[in-house]
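Okay, so here's the structure we're looking at.
Since the model is a prediction, treat every value here as computed from it, not as a measurement. Letters A, B, ... are given to chains in the order of the sequence lines, protein chains preceding strands, and every chain is numbered from 1.
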Amino acid sequence: MSQFTQPTLERPPMALAPTQAVSLNINGKAHTLQIAPWTTLLDALREYLDLTGTKKGCDHGQCGACTVLVDGKRINSCLSLAVMQEGSEIQTIEGLGSEDNLSPLQQAFIDHDAFQCGYCTPGQICSAQGLLNEGRATTEAEVRELMSGNLCRCGAYSNILSAVMEVLGNKGAEAAGSQATPKKESKEGARQWAAGAASQSVPPVEPAK
Amino acid sequence: MNHLDPQRHVRGESQYLDDVPTQQGTLFAAVFESPLAHGVLVNLDLSAALAAPGVVRILTADDIPGDNQIGGIVPDEPLLAHGHVHFRGQPVALVLARHEHQAHAALKLIKVDIEPLPIITDPRVAAAQGELIVPPRTFKIGDSAATWASCAHVFEGVAESGGQEHLYIETQGAYAFPTEMGGVRIISSTQGPTAVQRHTAHVLGLGMHQVEVDVTRLGGGFGGKEDQATPWGALAALGAYCTKKPVKLVLDRMADMRMTGKRHPYSSDFKIGLDKDLRIVAYEVTFFQNAGAAADLSPAVMERTLFHATNSYFVPNVTATAFSCRTNLPPNTAFRGFGGPQGMFVIESAIAKAAEELGIPACEIQRKNLLRENDLFSYRQPAEMCHAEQAWDTAAKEFDLAGTRAEVEQFNQQNKLQKKGLAVMPICFGISFTKTPMNQARALVHIYSDGSVGVSTGAVEMGQGVNTKIAHVAARTLGISVNRVKVESTNTTRVANTSPSAASATADLNGKATEMACAALRERLLRHACTEYTLNYEGLEIRDEQVLAAGVPAETDWEKLVSSAFWKRVALTENAHYATPDLHFDAATNQGHPFAYHVYGTAITTVTVDCLRGTYTVDALRIAHDFGQSFNEVIDRGQIEGGAVQGIGWMTMEEIAYNAEGRLLSNSLNSYKIPDIYAAPKVLDVHFLDTPGHPKAILRSKAVGEPPLMYGIGTYFALRDAVRAFQPRTALPFSAPMTPEKVLVSLYPEFSAAETGWNATAVGTPASIAS
């Protein structure tokens, strides 16, 4: 790039905004940022930590693209100030699974083709992880209701639903200590259900009670 | 597999425009927009804003070195307002500051003095005043006027369809860098890299070779970034050019919604004539398209409305006229379907009107009038390889139309406060850019000496899976694993003069070019293998990376063959050009053969309306669709499901509202609702019709981007059916979207005042929420 063609700007004016040190624990790592106190968690992640997996869709808490997990609970990071999350465990899409070992949700989103453009995907996955953590949703209708804060304009909803239902089913099976169902089989079962395109006549994989 | 590397998407590693690491010295831009919808720009006072912290410069029309003009079809749109403002949200000045929040803060310090002029928001008012973007067009076949007297039934009416916000989750934006030779390099979130390049060059007074545009991927486009990514690319470039600093411009959500155009609202008059056997013998329609303040793509959108005015029906006598009306709203633009859905909504309304008046199900008229082989469209192209009846009959059989109807009727007899509705929606959509010269594409294919392959085309990946399709075409043609193929970013220096990724034609055009380039490379490599390994060319092929001579493995494989070809100085790069054959269209007579082929399908929609609340659910959307020979069923199914959901949104919950001053009221996701996972149909079945595909489709796999949107129209008519089950005698206007509020008003007409906005004809100006 042609840096030499660029005239230097005047010296930046004195620090405009009072900044303060904010300590954040993100994906298991401690960070201390020098930021203005009104910096949102979303901006702190994206602009000060280069964690750009968390997306800015509306900046008003209306689309869910910026969903992250704080102490395991899902929040819209655009509606929270970074300074409010000092002392919390923040988990972003970058901290879910690893390159060699994707989280079950990440794998299910791939298996079910639960995205098109991919922009809402990190938020969808974090939100679904929060939903799993909450442990409230068991049925397809409940998943729909509790995932309705995450918009996907490409409309990959039926695949998002089947991806979440698959993990929910497996988790339920694990929670019941059921070793009888190998993972692969339950996966195929979920696929079969997904092929019915969310048809209610074919029930989703039922979590063991 | 929808994506070449889906891991990146689920790990948040895929880079979109706003994720590009910021280069040192970058200035952040914010756009000052007109606060009034129409007026004379008397004075612009920038002094306070210029003195604001961090502000480096503020650019206005006077700073533009070239021509202040970005109109694509008609030169009627300045990049920055000069002299007049024509819509609220029109860019007037560009603030450049060191930090994004400083740029935005400075916007509030700009003072503008505008002398107001009259504001028009209604297309019919604009037409009455002669405010047209281009002269009206009429598509005509037969003689409808002479046919009315012989019709057994004639019905007339008005149909209104609303606009639609694209709401790509990634907002518009661009990042521009000055280059050494006095040009600019732009990373743009655009469906049309060449459009950004051409208009930027024009604005800066440079040759196109001085402007490089690069696109990795979009977080959704849907037509909204076809022409309307251009202003932001050109503004960022203007900033970079003037300051010799990198300039980043990303619109926030509300600015994006205020400043960019949407799907065109239409207000239309129809007249339909049927014979005693319910055959449609004549159809007359006049479309009033709300184009907004500048042409943008409106004339082309209007043309496609005319092409699809009769949807998948054969009508021997058609007179379809369209007016593109200039109003003081942001210029409306491409949106999946490109005017086609608006045209189809009107004829479906006409059929529904006829059916309601005659007291028969609409599907009796629909089925009887479906296109058959060699039927002529109004533009004289025959329906070839027509699958309209096959699609309908397959849907009716696979999804038990008769049984579903009986269930709906039974439910409605047993339930008083809940009613079900049913509608069948056949579609027929022409594939190709209707402007024939745009149907061309190029591919640049490199085989590297290690056997890996890089493919560059003009296709932009925006979630529709085109890169995956192109990689598969390359791998299949070369006989190698798809893992060896990388699809490069879309870049104007590698592939020039591209058409935008639009018109559902991207995979066809760029895939065909890729296929041609790879076929040429394959032949060259096999010729080389003949001489190198003394093999007979006949029967020589590459399959699964192995060279086969008459089916028997030869002593070389892909890697060895490529390496040996390189050392023997065989060219391992190929550039191919594809132009869809046999296309022609005369815009003077409105006749010709504009489409490579048509895509067919039929959807059956059932809904349940809560007759106390007006709320509803889409119970099932069952689709039989003509994919041809799909070579990636996962991608294609995703396009059908997503397109249908978007169509349902347009027809049901997505309501754009402007007030009389041209101010957008539905200006955020608070006041503009798009389908969420809860709103998507409970059952969404897609049946792959058994059709042979078309030779002009890539690997006989038909285009799939836009057609499914129109299945959503069925939801409107299913809701109408349910409302009529509750309130049989009500005279319902044909007015989409059918929001829950509108359903409620329709259920209880006696309680709703006559002047309620939804009953009035004004589109987008519901009186009840005008401020």
Side-chain angles (χ1 to χ4, degrees), chain A residues 1-3 5-7 9 12-13 16 46 50-60 62-63 65 92-94 96-97 99 102 105-107 109-110 113 115-122 125 143-145 147-161 196-200, chain B residues 1-3 6-16 18-19 21 23 25 53-54 56 98 102 166-171 177-180 217-220 222 244-245 252-254 462-465 634 638 641-646 668-670 674-678 680 682-686:
Chain A
M1 204 42 65
S2 53
Q3 300 298 344
T5 62
Q6 302 178 10
L9 294 168
L16 302 157
R46 290 184 56 85
D50 295 331
L51 290 168
T52 54
T54 307
K55 304 299 181 196
K56 187 181 277 190
C58 69
D59 217 15
H60 283 64
Q62 296 160 352
C63 75
T92 69
I93 190 71
E94 289 91 347
L96 280 176
E99 196 162 359
L102 295 177
L105 271 170
Q106 287 172 322
Q107 189 59 51
F109 266 62
I110 293 176
D113 198 48
F115 45 82
Q116 288 179 24
C117 81
Y119 204 78
C120 73
T121 309
I125 291 176
V143 171
R144 279 175 182 269
E145 178 62 30
M147 285 293 291
S148 64
N150 288 79
L151 299 177
C152 168
R153 189 47 153 166
C154 301
Y157 291 125
S158 63
N159 294 344
I160 292 171
L161 188 62
S199 161
Q200 290 191 316
Chain B
M1 184 180 69
N2 197 343
H3 293 269
Q7 267 86 355
R8 273 205 300 264
H9 272 5
V10 299
R11 299 202 67 231
E13 290 171 350
S14 298
Q15 205 174 64
Y16 301 83
D18 200 25
D19 306 332
Q23 203 178 91
V56 172
R98 293 185 179 229
Q102 291 173 327
H166 300 85
L167 232 131
Y168 24 67
I169 307 290
E170 178 205 30
T171 55
F177 308 85
T179 59
E180 293 181 21
R217 63 170 65 77
L218 311 188
F222 315 116
K244 295 284 178 277
K245 292 278 175 193
D252 65 63
R253 175 62 59 191
M254 290 180 78
M462 46 189 167
Q464 84 280 46
V634 172
E641 293 176 352
V645 167
Q646 238 169 33
S668 78
L669 279 162
N670 260 352
I674 66 166
D676 56 24
I677 195 167
Y678 208 66
K682 286 215 182 71
V683 175
L684 214 178
D685 281 343
V686 181

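In this structure, the side chain of Arg253(B) does not engage the main chain of Gln62(A) through any donor-acceptor pair within 3.5 Å. No donor-acceptor pair under 3.5 Å is formed between the side chain of Arg153(A) and the backbone N or O of Ile674(B).
Between Pro6(B) and Phe115(A) the shortest side-chain heavy-atom distance falls below 4.5 Å. A heavy-atom distance below 4.5 Å is found between the side chains of Leu102(A) and Gln7(B).
Residues His9(B) and Gln116(A) come closest through the heavy atom pair NE2-O, 3.9 Å. Listed here is the closest heavy atom pair of Leu669(B) and Cys58(A): CD1-CB, 4.3 Å. Taking both residues in full, the closest heavy atoms of Ala680(B) and Arg144(A) are given as O-NH1, 3.2 Å, listed atom of the first, atom of the second, then distance. Scanning both residues, Ser148(A) and Asp676(B), for their nearest heavy atoms gives O-CB, 3.6 Å. In terms of heavy-atom proximity, Ile169(B) sits nearest to Cys63(A) at CG2-SG, 4.4 Å. Of all heavy-atom pairs spanning Pro122(A) and Gly12(B), the tightest one is CG-CA, 4.0 Å.
Your options are Gly53(A), Gly149(A), Cys120(A), Cys117(A), and the one with the most heavy-atom pairs under 4.5 Å with chain B is Cys117(A). Of the listed residues (Ile110(A), Ile160(A), Asp50(A), Thr121(A)), the one with the most heavy-atom contacts under 4.5 Å to chain B is Ile110(A). By number of non-hydrogen pairs under 4.5 angstrom with chain B, the leading residue of Gly155(A), Ala156(A), Gly97(A) is Gly155(A). The candidate from Gly57(A), Ala65(A), Cys152(A) with the greatest count of non-hydrogen atom pairs under 4.5 Å with chain B is Gly57(A).
Residues forming a ring-ring contact (aromatic ring centres under 6.0 Å, His included) with Tyr157(A) (at least two apart in sequence, or on another chain): none. By the ring-ring contact (aromatic ring centres under 6.0 Å, His included) test, Tyr119(A) is found to be paired with Tyr16(B), residues two or more places apart in sequence or in another chain being considered.
Only the side chain of Ile125(A) comes within contact range of chain B, with heavy atoms under 4.5 Å apart. Looking at Ser14(B), the atoms closer than 4.5 Å to chain A (heavy atoms on both sides) all sit in the backbone: N, CA, C or O. The part of Leu218(B) that comes within reach of chain A is its backbone (N, CA, C, O), which places non-hydrogen atoms under 4.5 angstrom from that chain. With a 4.5 Å cut-off on non-hydrogen atoms, Glu13(B) does not touch chain A at all.
Using a 4.0 Å cut-off between a side-chain N of Lys or Arg and a carboxylate O of Asp or Glu, Lys55(A) and Asp19(B) qualify as a salt bridge.
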key: side chain to side chain contact (heavy atoms under 4.5 Å, CB included) between Arg11(B) and Leu96(A), intermediate numbers included   = CA-CA 8 Å; Arg11(B) 299 202 67 231; Leu96(A) 280 176; over 6 Å; no
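Between the CG atom of Leu684(B) and the CG atom of Leu161(A) there is a distance of 11.0 Å, given to the nearest 0.5 Å. The line from SG of Cys154(A) to CD of Gln464(B) is 9.5 Å long, rounded to the nearest 0.5 Å.
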